[in-house]
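Start at 1 with the first residue, then count along the sequence. Only this structure's heavy atoms are used, side chains among them; waters, hydrogens and symmetry mates stay out.
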Amino acid sequence: MAKRCYYEVLGVAKGASADEIKKGYRTKAKELHPDRNGDNPKAEAQFKEANEAYEVLKSADKKAAYDRYGHAAFEGGMGGGGRPGGGFGGGQGDFSSAFSDVFDDLFGDFMGGRGGAQGGGRRAARGADLRYNLRISLEDAFAGLQKSINVPTAIQCDGCNGSGAEGGAEPSTCPTCSGMGKVRAQQGFFTVERTCPTCSGMGQIVKNPCKTCRGAGRVEKDRSLSVNIPAGVETGTRIRLAGEGEAGMRGGPSGDLYIFIEVADHELFERDGANLFCRVPVSMSTAALGGNIEVPTIDGGRGRVQIPAGSQSGRQMRLRGKGMPPLRGGGTGDMIIELAVETPVNLTSRQKELLKEFEGEAQNNNPESSSFFSSVKTFWDSMKG
């Protein structure tokens, strides 16, 4: 059975360009792949026929020989550039090479590979994500705030609209890799794939680079952004601003900006989740007699606390709902107050007399009147004697 014309097999006209031949082959390979044609027994043979045609026409030397001599150029044991074993693609190694050209189109989207850029080019590289550390006060974490920040980053070049080419012209397909962003070299039975040295994996080249960005499509600049800090944030909270990161190369999508919150230590309050702790000094007389005191709260107001008579240092009391607001649901925290009974200093003579009088009158309710302390006092008195 006579072989069909290779151009006819790929569905292209004679004299078609390399890009047209590649496009025709990809279309046929997708259409005829055996995995997609389980109910068509002829698909496998047609798929091999398309690979054979492409293996010849993709090579400039083989294509020239085919255009001049037809199929006869590869008969007589010289199949494919002088290697023995002509016929289908010049051997198993050539079949692997031919099929790998379409593999990216069949599965590339699942592998994070090539996109659908014109001319078979790769997707423009996405910009990097950025991190910004933001330090705020506890009061700001309580109330929330709107804050402006300056972020040094790479933004799209206005001179070329991100294309990298002078005047905003579109980049052209890289002639070395034909827009693949990678090149393959046959080493025995193996195909080695490397990043294209001409376009550095971009799949496109800029013949006349933009003078502003030198072909990168982006420039370094400080950006001013307004950030909404919600109430209830704490150290380690992360806020994501989508698309506010570094601009991609040559019009690629921008990365994201991540703002990491650090809440500064407070001079009065110590935070534990949603609760706040506050150590409050109390006079000795108030601790002994009881009374009311006012304490500052995180919202800038003041709360009133009832001190029971006979309170000791370290005693804790709770103000409900005076802690931090919830960030992700739950109720508002509480404010825990810890009493610190103060011992008076720099006493006057009269104050000393009153304290001595108080000490004499307070033997019955003083902790030292217990049997334990009485025994200790008797022991020390005997040692002094």
Between C210 and E166, is a side-chain contact (heavy atoms from CB on, under 4.5 Å) present by the stated rule, with each step listed? CA-CA 4 Å; C210 171; E166 188 67 29; 4.2 Å; yes

So, D61 and S59: side-chain donor and acceptor under 3.5 Å apart, yes or no? no

How far does SG of C160 sit from CZ of R214, to the nearest 0.5 angstrom? 13.5 Å

Ignoring hydrogens, what is the shortest heavy-atom contact between P152 and N150? Give both atom names and the distance. CD-O, 3.8 Å

If you take all heavy atoms of S17 and E20, which pair is closest and at what distance? N-OE1, 2.9 Å

Distance (rounded to the nearest 0.5 Å) between K42 NZ and E49 CD: 12.0 Å

T286 side-chain N/O to V282 backbone N/O, donor-acceptor pair under 3.5 Å: no

Check whether any side-chain heavy atom of M335 sits under 4.5 Å from a side-chain heavy atom of V295, and report yes or no. yes

Answer yes or no: does atom CZ of R302 have more than 12 heavy-atom neighbours from other residues, nucleotides or ligands under 6.0 Å? yes

I'd like to know if E52 pairs up with K48 as an ion pair, taking the criterion as any Lys NZ or Arg NE/NH1/NH2 lying under 4.0 Å from an Asp or Glu carboxylate oxygen. no

How close do T173 and S178 get, heavy atom to heavy atom, and via which atoms? CG2-C, 3.5 Å

Quick check on the hydrophobic clustering: are I155 and I149 connected, directly or via other members, by side-chain heavy-atom contacts under 4.5 Å? no

Nearest atoms (heavy-atom pairs only) where L10 meets A53: CG-CB, 4.0 Å

Does N228, at its CG atom, have more than 12 non-hydrogen atoms belonging to other residues, nucleotides or ligands within less than 6.0 Å? yes

Kindly compute the distance separating CZ (R184) from SG (C196), expressed to the nearest 0.5 Å. 12.0 Å

After noting the C-alpha distance and the side-chain angles of I136 and V263, does the key distance pass the side-chain contact (heavy atoms from CB on, under 4.5 Å) rule? CA-CA 5 Å; I136 63 174; V263 180; 4.3 Å; yes

Should we count CD of Q146 as having more than 12 external heavy atoms under 6.0 Å? yes

Heavy atoms, side chains only, cut-off 4.5 Å: are T195 and K182 in contact? no

Could you tell me whether F260 atom CZ has more than 12 heavy atoms of other residues or ligands within 6.0 Å of it? yes

Does the distance from a Lys or Arg side-chain N to an Asp or Glu carboxylate O, for D67 and K63, drop under 4.0 Å? yes

So, are E353 and R350 salt-bridged, with charged N and O less than 4.0 Å apart? yes

Under a 4.5 Å side-chain heavy-atom rule over Ile, Leu, Val, Met, Phe, Trp and Tyr, are M324 and L145 clustered together? yes

Distance col, row I205:CD1 vs C174:SG, nearest 0.5 angstrom, shows 5.5 Å

Sequence neighbours excluded, every pair satisfying side-chain hydrogen bond (donor to acceptor under 3.5 Å, both in side chains) that has a member inside residues 129-144: R126-D129, R131-N133, R135-E262, S137-D140, E139-H266

Is T237 reaching over with its side chain to a backbone N or O of I261, donor-acceptor style, under 3.5 angstrom? no

Keeping N51 on the side-chain end and F47 on the backbone end, is there a donor-acceptor pair under 3.5 Å? yes

Do V227 and L257 share a hydrophobic cluster (ILVMFWY, side-chain heavy atoms under 4.5 Å, transitive)? yes

Where does the angle between the aromatic ring planes of H71 and Y6 fall among parallel (under 30°), tilted (30 to 60°) and perpendicular (over 60°)? perpendicular

Nearest 0.5 Å please: distance from the CG atom of N292 over to the CD atom of Q306. 4.0 Å

Trace of the side-chain contact (heavy atoms from CB on, under 4.5 Å) decision for L225 with V151: CA-CA 8 Å; L225 297 174; V151 182; 4.2 Å; yes

Tell me, do C5 and K14 make a side-chain contact under 4.5 Å, heavy atoms counted? yes

Using only heavy-atom distances, determine whether the side chains of E246 and S254 contain a donor-acceptor pair under 3.5 Å. no

Count the heavy atoms belonging to other residues, nucleotides or ligands that lie under 6.0 Å from CZ of R4, then report whether that count exceeds 12. yes

Is a side-chain donor or acceptor of S313 paired with a backbone partner of V341 at a separation under 3.5 angstrom? yes

Would you say L339 and I336 are hydrophobically clustered, going by side-chain heavy atoms of ILVMFWY under 4.5 Å? no

Under 3.5 Å, side chain of N208 to main-chain N/O of A165, donor-acceptor pair present? no

Considering only heavy atoms from C-beta outward, does the side chain of I307 approach that of M317 to under 4.5 Å? yes

What is the distance from atom CG of L354 to atom OG1 of T348, rounded to the nearest 0.5 Å? 8.0 Å

If you look at every heavy atom in P230 and L327, which pair is closest and at what distance? CG-CD1, 3.9 Å

Does atom CG of D158 have more than 12 heavy-atom neighbours from other groups under 6.0 Å away? no

Between M284 and L355, is a side-chain contact (heavy atoms from CB on, under 4.5 Å) present by the stated rule, with each step listed? CA-CA 12 Å; M284 186 175 67; L355 279 178; 4.0 Å; yes

Minimal non-hydrogen separation, V219 against C213, with atom names: CG1-CB, 3.8 Å

Run the numbers on E244 and R223 for salt bridge (Lys or Arg N to Asp or Glu O under 4.0 Å), then give the verdict. CA-CA 9 Å; E244 298 293 354; R223 293 184 61 199; 2.6 Å; yes

Can you hop from L134 to I239 via hydrophobic side chains spaced under 4.5 Å? yes

With a cut-off of 3.5 Å and sequence neighbours excluded, list every side-chain donor-acceptor pair involving residues 269-281.
| from | atom 1 | to | atom 2 | distance (Å) |
| --- | --- | --- | --- | --- |
| R271 | NE | G273 | O | 2.8 |
| R271 | NH1 | V233 | O | 2.8 |
| R271 | NH2 | G232 | O | 3.2 |
| N275 | OD1 | D334 | N | 2.8 |
| R279 | NH1 | E338 | OE2 | 2.5 |

